[in-house]
Structures are given as structure tokens and as C-alpha cells.
Protein chains: 2
Amino acid sequence: MRIGELSERTGTPRRLLRYYEEQGLILPDRCANGYRSYDERLVDRILQIRGLLDAGLPTRIIKQILPCLDKPRLIHFSDATPEMVATLENERDRMTRRIECLTRNREAISQYLDAVLGNHATS
Amino acid sequence: MRIGELSERTGTPRRLLRYYEEQGLILPDRCANGYRSYDERLVDRILQIRGLLDAGLPTRIIKQILPCLDKPRLIHFSDATPEMVATLENERDRMTRRIECLTRNREAISQYLDAVLGNHATS
DNA sequence: TGACTCCTTCACATGGATGTGAAGGATGCG
DNA sequence: CGCATCCTTCACATCCATGTGAAGGAGTCA
């Protein structure tokens, strides 16, 4: 598909789809006339990227972790340099801390809402 | 305590502590000479703010949700305007999506690391 | 062919979190 | 006192994700 369709299906401005490409997050094919041609799977990929960006990860990190999320089973051992492994462990831990922080604060918000809305069903 | 001590104890540049104040996230007292005076509890508050910022929430939203996280039990019903409740519900849902996205991708990273490191203990 | 829409690249603008430095007042130690 | 170290405010710089617009090529339909 071309950039317009991908843009609509992911709710992402074309400009950003080109930006993600510029940042090395995606690598669409090119048609004979130079138009970008996106694979069907890139729909999910874009949503995944946007989710991670929204969760506070910079494109630099997303670029690093995407390859190992690509094929959950198919491991590319060739890419697994010690630095890469260290980066991944580091990011995994950062994500864990983020998740804990978000969970804790979401719980507090939920409790507040429950109280305010008179919904006293304690989880 | 003064800004220098809070900066050291939270690992946050002084500049940012003033920025958070400027954004209305904290409101330190002032000494006679104009120096900012921070309450002991602000140490945790700052760490909480930084965690939320790191998780992708903007200061604008953090400012809104902080008051209801302040005293988990003590609810300020007076502040609970319908708009505020809607904002909180919206943010709670956004946080839920963020948590899901982070959890999913963290799991994938963990699986990759387990495979690469030859640690085949499936969780 | 003309008109319209989509695509391309290039490039500058914006907003939020953060870095950094200048200029000056307050504190504290020798 | 003199000097170092903290503090203050003001202000400009930077990085990144994103917005936006210009100038032109390509596809489609009348």
C-alpha cells in the first residue's frame, strides 16, 4: 500500500511515516515511480512504534529493540553483540520501572475515581 | 531543605526543580532571604513526577492528577468537577494502554534475551 | 488538455523537557 | 575582609517528536 492508506489506517500523518523511515524504524519498498510501498505488516508495526513513543521511548531506542521483537521465535544471534544485550537488558529494566510507576499511579487514580463516583467495590 | 539538597537526593538538576515549580507541580515555601524551602515529602513527590514524565506524561497532565494522588484516602470532593473526572478517566485509560504496550514489548525483549543468553527457563 | 489529488523532497517552525550561562545577592569559612 | 559556594532571576540553546508549507512530478478522470 502507499503512504496515504497507511496514514489513514494507522491515524499517523504522512510526515511522521517518513520521519520514522528517516529514523530507521521502517524501510518501505519503492515503486517504479519512486512512491513508497508499504507491506501489510507495517500497519501493526506503526501502531507498535507509536505506542512505544507514547510510552516515553525515544526513536533511537525503539530502533534498537524493534529487530528483536520482529520475529518472537526467530532469533538473530548474529545481531546479539554484548553491547546490544546490555542495551536490551537496560531498556527492559527501564520499561519495568515505567510499568511499575504507571501501575502505581493508575491504581491511585482508580481509587480516587471509585471514591468520587461512589463506586465502593474494592478490587 | 534547600534546592541543592533536594537536587542531590533526587538526582534532579536544580533547573528542573524550578521548572516543575513553574509548571505548578510543586509549591515550595520561601525562607526570609527568598531561598526555596522544600518539605521532606517532596523527595518522593519529585521522584514520582520524574517517573511519570519518563513514562510519557506531560507536566500539564501530571499537574492534574497529582492532587488526587496526594492523599490516597483523603478525597477532595470539592475538586471533583465532571471535567476533572473525565480527564482522570481518560488518563487512566491512556495509562492502561501504555502499560499494556510496555508489558507486551518487555515480554518480547525478555524472550529474546532468554533465547540469546541460553536461559531456557520459560516463565 | 485541464483540473484535481496524491506523491516526492526540502526546509523551516513549534512545543515540551532539559541544558547552560550570565549577573548579582546571601552565607559561611579562612 | 576576601573568597568560595550557594542561592536568586533571566534568557538563550538544544534535542526530539511533530506541524506545516512550498515547489514540482505522477496518476486519474472529465
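Just so we're on the same page: letters track the sequence lines, and every chain starts at 1. Treat the numbers as computed from the prediction; the structure is a model and nothing was measured.
Between B:Thr59 and the phosphate of C:dG16, there is no side-chain N or O to OP1/OP2 separation shorter than 4.0 Å. Within the structure, a side-chain polar atom (N or O) of B:Tyr19 is placed less than 4.0 Å from OP1 or OP2 of C:dA17. Listed pair B:Arg30 / D:dT9 meets the phosphate criterion, a side-chain N or O lying under 4.0 Å from OP1 or OP2. The side chain of B:Arg36 places no N or O atom within less than 4.0 Å of a non-bridging phosphate oxygen (OP1 or OP2) of D:dC7.
If you measure from atom CD of B:Glu21 to atom P of D:dT8, you get 8 Å, rounded to the nearest angstrom. Rounded to an integer number of Å, the gap from A:Leu17 CG to D:dG19 P is 11 Å. Protein atom CZ of B:Arg18 is 7 Å distant from nucleotide atom C1' of D:dC7, rounded to whole Å.
Contact check on A:Glu91 versus B:Arg106 returns no salt bridge, with no Lys/Arg side-chain nitrogen under 4.0 Å from an Asp/Glu carboxylate oxygen. A:Arg98 has a carboxylate O that lies under 4.0 Å from a charged side-chain N of B:Asp54, or vice versa, which qualifies the two as a salt bridge.
Nearest-nucleotide positions on DNA chain C for B:Gln23 and B:Arg15 put B:Gln23 closer to the 5' end. Mapping A:Arg14 and B:Leu57 onto DNA chain C by nearest heavy atom places A:Arg14 at the nucleotide closer to the 5' end.
Under the 3.5 Å distance criterion, with hydrogens and angles disregarded, a donor-acceptor pair is assigned to the side chains of A:Tyr20 and A:Arg50. There is no side-chain donor-acceptor pair under 3.5 Å between B:Arg92 and A:Tyr112.
Using a 4.5 Å heavy-atom threshold, the side chains of B:Val85 and B:Pro82 count as separate. Counting only heavy atoms from C-beta outward, the side chains of A:Ile109 and B:Glu89 never approach each other to under 4.5 Å.
The side chain of A:Tyr20 lies closest to D:dT18, out of C:dC7, D:dG19, D:dT18. Nearest to the side chain of A:Pro58, among C:dG16, C:dG19, D:dA17, sits D:dA17.
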So which protein N/O to nucleotides 23-27 of chain D N/O distances come out below 3.5 Å?
from: D:dG25; atom 1: N2; to: A:Tyr35; atom 2: OH; distance (Å): 3.1

